[in-house]
J.: 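Let me begin by handing over the structure; questions about it come next.
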Amino acid sequence: PPLAGVVERLAASARGSAERASLIAELERAGDEAAPLLAARLPGPIEVRSEALTEATPVSEQGPLLAALSALGPAATRHLVPVLSEPDRVRRRYAVLLLGQLGDAAALPALAEAAFDADPRVASAARAALSAHRREPEIEPLRARLRRALSEPVRASAAARALARLGDVESVPLLIHLLEGGEPAAAAPLEALARLTVQRLGPEPGPWMEWWVRHRGEPRRRWLLAGLTHEDHAVRRGAAEELRAAGTPPFAYFPDAPPAERERAAKAWA
């Protein structure tokens, strides 16, 4: 079909060229007809080779077919979702990255399931995609589904990590309960608790439950702001990273600055 030829020419086009822009525009106009042809060739040529650059570069800028699929918007969703069940982990990961960037609410249940993927990079990408859309109303039933998965030994660790990325405060007492299982089952719940609460209280459930009883009525943003002045450098850094995701701080904040400077910056941020 003529569109198959357009896809082939796009794959061979030069990065940043007028030809590539024209071919992507042609496929975008084709919409639903172009989507299955592009999805079948996913990911296509990848033009970002460095691992560090790959993590820092939007998926739509990593290759020509990825750019075209991104340009299609929701028309690509129903052709990308089935890729999440394929055996090829590279295709699964790029499908997750694209679905996360597209932001189509119809893909959120599939992304929640991808958070349990056996490949760590696929699961991590799915958690990041869910986190980017955690304000969407469609996320709420998925939070509940992930909380239920905490009771499943095989899926509990993946569910804990996903709930932490979603900032799910309601899962805190469930995660504390999982600490009673001891190592190694408690490792992921402990990591999730540290991320959710911005605290480092050790592997025993007692101190966590005491903290929860005192602070469960507070909004999580208060925990994050308190984390900016925590004695633990890792806590300060984690709190600052998450707060920056909500917007640029009004005052320069550096986790390794002297205490007085951190205090001033934290007050300004609050």
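Only this structure's heavy atoms are used, side chains among them; waters, hydrogens and symmetry mates stay out.
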J.: Are L190 and W208 side-chain neighbours, meaning at least one heavy-atom pair lies under 4.5 Å?
T.: yes

J.: Give, for atom CZ of R195 and atom CD of E241, the distance between the pair rounded to the nearest 0.5 Å.
T.: 8.0 Å

J.: Go through D104 and L99 one step at a time and tell me if the side-chain contact (heavy atoms from CB on, under 4.5 Å) criterion holds.
T.: CA-CA 7 Å; D104 186 351; L99 289 168; 6.0 Å; no

J.: Taking side chain as C-beta onward, heavy atoms only, is L80 less than 4.5 Å from L42?
T.: yes

J.: Table please: side-chain donor-acceptor pairs of residues 6-21 below 3.5 Å, with sequence neighbours left out.
T.:
{"residue": "E8", "atom": "OE1", "partner": "R41", "partner atom": "NH1", "Å": "3.4"}
{"residue": "E8", "atom": "OE2", "partner": "R41", "partner atom": "NH1", "Å": "2.6"}
{"residue": "S13", "atom": "OG", "partner": "L10", "partner atom": "O", "Å": "2.6"}
{"residue": "S13", "atom": "OG", "partner": "R20", "partner atom": "NE", "Å": "2.9"}
{"residue": "R15", "atom": "NH2", "partner": "E61", "partner atom": "O", "Å": "2.8"}
{"residue": "S17", "atom": "OG", "partner": "A14", "partner atom": "O", "Å": "2.7"}
{"residue": "S17", "atom": "OG", "partner": "R20", "partner atom": "N", "Å": "3.1"}
{"residue": "R20", "atom": "NH1", "partner": "E47", "partner atom": "OE1", "Å": "3.0"}
{"residue": "R20", "atom": "NH1", "partner": "E47", "partner atom": "OE2", "Å": "3.2"}
{"residue": "R20", "atom": "NH2", "partner": "S13", "partner atom": "O", "Å": "2.7"}
{"residue": "R20", "atom": "NH2", "partner": "E47", "partner atom": "OE2", "Å": "2.7"}

J.: Report, as yes or no, whether the 6.0 Å neighbourhood of atom CD on E152 holds more than 12 heavy atoms from other residues, nucleotides or ligands.
T.: yes

J.: Would you please name every residue forming a side chain to side chain contact (heavy atoms under 4.5 Å, CB included) with R221, sequence neighbours left out?
T.: P219

J.: Taking the side chain as every heavy atom from C-beta outward, state whether L166 and L146 have any atom pair closer than 4.5 Å.
T.: yes

J.: Any heavy-atom pair between the side chains of L228 and L243 that's under 4.5 Å?
T.: yes

J.: Which heavy atom in V96 sits nearest to a heavy atom in A129, and how many Å separate them?
T.: O-CB, 4.5 Å

J.: Would you mind reporting whether L193 and L179 have side-chain heavy atoms less than 4.5 Å apart?
T.: yes

J.: Look only at the side chain of H133 and the backbone of G100, and say whether a donor-acceptor pair between them is shorter than 3.5 Å.
T.: yes

J.: Can you sort out the partners of P82 under side chain to side chain contact (heavy atoms under 4.5 Å, CB included), two or more places apart, ordered by chain and number?
T.: none

J.: Answer yes or no: are there more than 12 heavy-atom neighbours, outside E140 itself, under 6.0 Å from its atom CD?
T.: yes

J.: Quick one: CE on M209 to CG on L201, what's the gap to the nearest 0.5 Å?
T.: 12.0 Å

J.: Hey, what do you get for OG1 (T229) to NZ (K267), rounding to the nearest 0.5 Å?
T.: 9.5 Å

J.: If you take all heavy atoms of F116 and A159, which pair is closest and at what distance?
T.: CE2-N, 3.7 Å

J.: So, for A115 and A126, which heavy atoms are closest and what is the spacing to 0.1 Å?
T.: N-CB, 3.6 Å

J.: What are the two closest non-hydrogen atoms of A34 and L27, and how far apart are they?
T.: CB-O, 3.5 Å

J.: Is there side-chain contact between I139 and L108, with heavy atoms separated by less than 4.5 Å?
T.: yes

J.: Mind checking the CG-CG spacing from L37 to L3? Nearest 0.5 Å is all I need.
T.: 6.0 Å

J.: Identify the two heavy atoms, one from L196 and one from V169, that lie closest to each other, and give their separation to 0.1 Å.
T.: CD2-N, 4.3 Å

J.: Looking at CG of L163 and CG of L130, how far apart are the two atoms once the value is rounded to the nearest 0.5 Å?
T.: 10.0 Å

J.: Under the side chain to side chain donor-acceptor pair (under 3.5 Å) test, which residues partner S157, sequence neighbours left out?
T.: none

J.: Under a 4.5 Å cut-off applied to non-hydrogen side-chain atoms, are Q199 and H230 in contact?
T.: yes

J.: Ignoring hydrogens and geometry, is there a side-chain-to-backbone donor-acceptor pair from R165 to S131 under 3.5 Å?
T.: no

J.: Testing the basics here: between I24 and P64, what is the closest heavy-atom pair and its distance to 0.1 Å?
T.: CD1-O, 4.3 Å

J.: State the CZ-CG distance between R93 and L98, to the nearest 0.5 angstrom.
T.: 10.5 Å

J.: Using the salt bridge (Lys or Arg N to Asp or Glu O under 4.0 Å) rule, collect all pairs that involve residues 207-218, keeping only residues at least two apart or in two chains.
T.: none

J.: Who are the side chain to side chain contact (heavy atoms under 4.5 Å, CB included) partners of A257, not counting sequence neighbours?
T.: F254, E261, R262

J.: Might you confirm whether atom NE2 of H177 has over 12 heavy atoms from other residues, nucleotides or ligands at distances under 6.0 Å?
T.: no

J.: Going by ring-ring contact (aromatic ring centres under 6.0 Å, His included), name the residues that satisfy it together with W223, two or more places apart in sequence or in a different chain.
T.: W211

J.: Which pairs pass salt bridge (Lys or Arg N to Asp or Glu O under 4.0 Å) with one or both residues in residues 122-137, sequence neighbours excluded?
T.: R134-E242

J.: Begin from the C-alpha positions of L72 and D32 and carry the test side-chain contact (heavy atoms from CB on, under 4.5 Å) through to its verdict.
T.: CA-CA 8 Å; L72 290 181; D32 286 335; over 6 Å; no

J.: Carefully, step by step, assess V59 and S70 under the rule side-chain contact (heavy atoms from CB on, under 4.5 Å).
T.: CA-CA 8 Å; V59 65; S70 181; 5.8 Å; no

J.: Any pair with a residue in residues 170-182 that passes salt bridge (Lys or Arg N to Asp or Glu O under 4.0 Å), sequence neighbours left out, goes on the list, sorted by first then second residue, please.
T.: R147-E170

J.: Partners of Y253 by ring-ring contact (aromatic ring centres under 6.0 Å, His included), sequence neighbours excluded?
T.: W269

J.: Would a 4.5 Å heavy-atom cut-off, applied to side chains only, mark V122 and L84 as touching?
T.: no

J.: Please enumerate all residues that pass side chain to side chain contact (heavy atoms under 4.5 Å, CB included) together with P43, with sequence neighbours excluded.
T.: I46, L66, V90, R91, Y94

J.: Sort and list the pairs that fulfil side-chain hydrogen bond (donor to acceptor under 3.5 Å, both in side chains) and have at least one residue in residues 105-125, not counting sequence neighbours.
T.: E51-R121, E55-R121, R89-D119, R92-D117, E113-R155

